[in-house]
Amino acid sequence: MPSLNLYDTATREVGVFTPLVKGEVSIYVCGATVQSSPHIGHIRSAINFDILRRWLTKNGYTVTLIRNVTDIEDKVLQKALQEKTHWWELAMKYEREFTAAFSAVNVIPPTYEPRATGHITQMIQLMQILIENGSAYAPGNGDVYIEVRRLKHYLTLSGQRIDDLQPAADTDETYKKDPRDFALWKAAKPGEPSWPTPWGAGRPGWHLECSAMAFEYLGESFDIHGGGLDLIFPHHENEKAQSEAAGYGFAQRWLHNAWVTQSGEKMSKSLGNSLLVEVILERVRGIELRWYLGSAHYRSMLEYSEAALDESAVAFRRIESFLKRATQITGSQIEGTISSEFEAAMNDDLAVPAALATISENLRRGNQSITDGDIPMITKNAGEIRGALQILGCDPFDSHFAGGSSSELRDVMDGVISLALQERASARDRKDFLTSDAIRDGLLALGITIEDTAQGPRWSIMEKS
RNA sequence: GGUCGGGUGGCCGAGAGGCGAGGCAAGGGACUGCAAAUCCCUCUACACGGGUUCAAAUCCCGUCCCGACCUCCA
């Protein structure tokens, strides 16, 4: 097959992706800081990387995907104080919410999901290496810092120069050699959780965990490091600095997803314009939310609006409806296949918008084939659509989305509705349209849509909107 | 101040020197008792000013506007 091309934030170019180990791909994605409920931006990030993972898997790679949970961090402690709860209780609560949100949009769980607090030992080992080789220092107050001026390749991801950085306003220069030095480890303050280290009791700085956990599960070097655009600096820059200073090759390629915006502005916890997943899921189904969030290119901003979400959901239902009809007509389960157009689009830096154009084409041809009664063409187009939806994680036949009414209940409903449709048919035969329309309207009031197709009337339950 | 994105038709949204992505909406048509669904047709855009080129939405220079990051963030 033609090879997969991917963008790399470090070079800002799209290039051929070649994994370190043939047939295997190792990915580290920065997951959630579990300090508040997930919004659709978080979910978008997970969906983008899930699509990458599914595409790699489809192409025969064995994928190891590590997505961390940051369960100890300043904000977690702050929020716990506000909510008058234990920090670990708070972290667990939100971790569960994230897990539920990921599941609602059919994100395959990572191969492993390490928590920062479970990897203190690995962090201490990493600090040991960095202090021994002179990249880091412990000034004696319990903190441990990286000395950024001693790093050879600092800031190569974001393309900045140390001297151009605005030093943090709140930086404490009592112990730092340079205001831009960043903390690997933070000394314990009274009342805060802490773990013992050779340099004093404390807790991890934000960046150290990812370096330590990436090394633990993926080794010195791995293929892809992902996360949101806002993590490039400082988080990824600092992770890279630490790991490289320890002598590791670290990430070979960096992928960053863009945001979900509102009125052009990034959705974020601090701006208070977050759209919580649970709220959106009252408006559309999980599969529709996924379709919407996955439809933009991962490096493009996705400007949220209710109208766009609704439009997207309607478009998805059209596709879904075609697949269901195709299954009924062909009388067999549709097998997902990959068209060469879809493959080309996905191989071009996961060009989902171009891939969606191929689905539109399949849909148009498929519907035409239903009108023509051309079973082989129905099967071909439905197969290519289903194959594409499987990669996008939006396969309506995926058992993950099945839920709801049991097939037994559905059979009963089918029987009952068929009775009503028989009444309607005989009314229509008598040209008693008053009665036939009353039956259709009655069913509609119950949320059941009737469509008269060439193959006879067809009923479906209206999706919530 | 430094760094990085972006501005495309009524709307959304790709593309990145030539061969008009796609979707939605709108209008017209086919089908239909009506409706729904479906199909066909129509609508030709790249912030502004220069430049390079046989050819620019795409490359270069300048300007305007929007957003992001600069140690909390997906």
Chemist: Has Arg318(A) got a side-chain N or O lying under 4.0 Å from the OP1 or OP2 atom of C39(B)?
Modeler: yes
Chemist: Check every strand shown and say whether Gln160(A) touches a base, only sugar-phosphate, or nothing at a heavy-atom separation below 4.0 Å.
Modeler: base
Chemist: Without decimals, in angstroms, what is the distance between Glu147(A) CD and U71(B) P?
Modeler: 20 Å
Chemist: Between Asn367(A) and C39(B), does any side-chain N or O lie under 4.0 Å from OP1 or OP2?
Modeler: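 True: Asn367(A) side-chain N/O within range (under 4.0 Å) of C39(B) OP1/OP2.
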Chemist: Using OP1 and OP2 only, check whether a side-chain N or O of Arg161(A) sits under 4.0 Å from C70(B).
Modeler: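 No, because none of the side-chain N or O atoms of Arg161(A) sits under 4.0 Å from OP1 or OP2 of C70(B).
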Chemist: Restricting both atoms to N or O, compile the protein contacts to nucleotides 11-18 of chain B shorter than 3.5 Å, with distance only.
Modeler:
from, atom 1, to, atom 2, distance (Å)
A14(B), OP1, Ser300(A), OG, 3.1

Chemist: Is it true that the NZ or CZ of Lys177(A) lies under 6.0 Å from the centre of Tyr137(A)'s six-membered ring and within 45 degrees of the ring axis?
Modeler: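 Geometry flag: set, cation within 6.0 Å and 45°.
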Chemist: May I ask you to say what Asn48(A) touches in the nucleic acid, namely base, sugar-phosphate or nothing, with a heavy-atom cut-off under 4.0 Å?
Modeler: nothing
Chemist: If the cut-off is 4.0 Å, is Arg428(A) near the phosphate of C34(B), judged by side-chain N/O to OP1 or OP2?
Modeler: no
Chemist: Pick the C1' atom in U52(B) and in U58(B), then give their distance to the nearest Å.
Modeler: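 After rounding to an integer number of Å, I get 13 Å for this pair.
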Chemist: Strictly by modelled atom types, are Thr111(A) and Thr64(A) linked by a side-chain donor-acceptor pair under 3.5 Å?
Modeler: no
Chemist: Answer with base, sugar-phosphate or nothing: what part of the nucleic acid does Gly41(A) contact at a heavy-atom distance below 4.0 Å?
Modeler: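 The residue Gly41(A) makes base contact.
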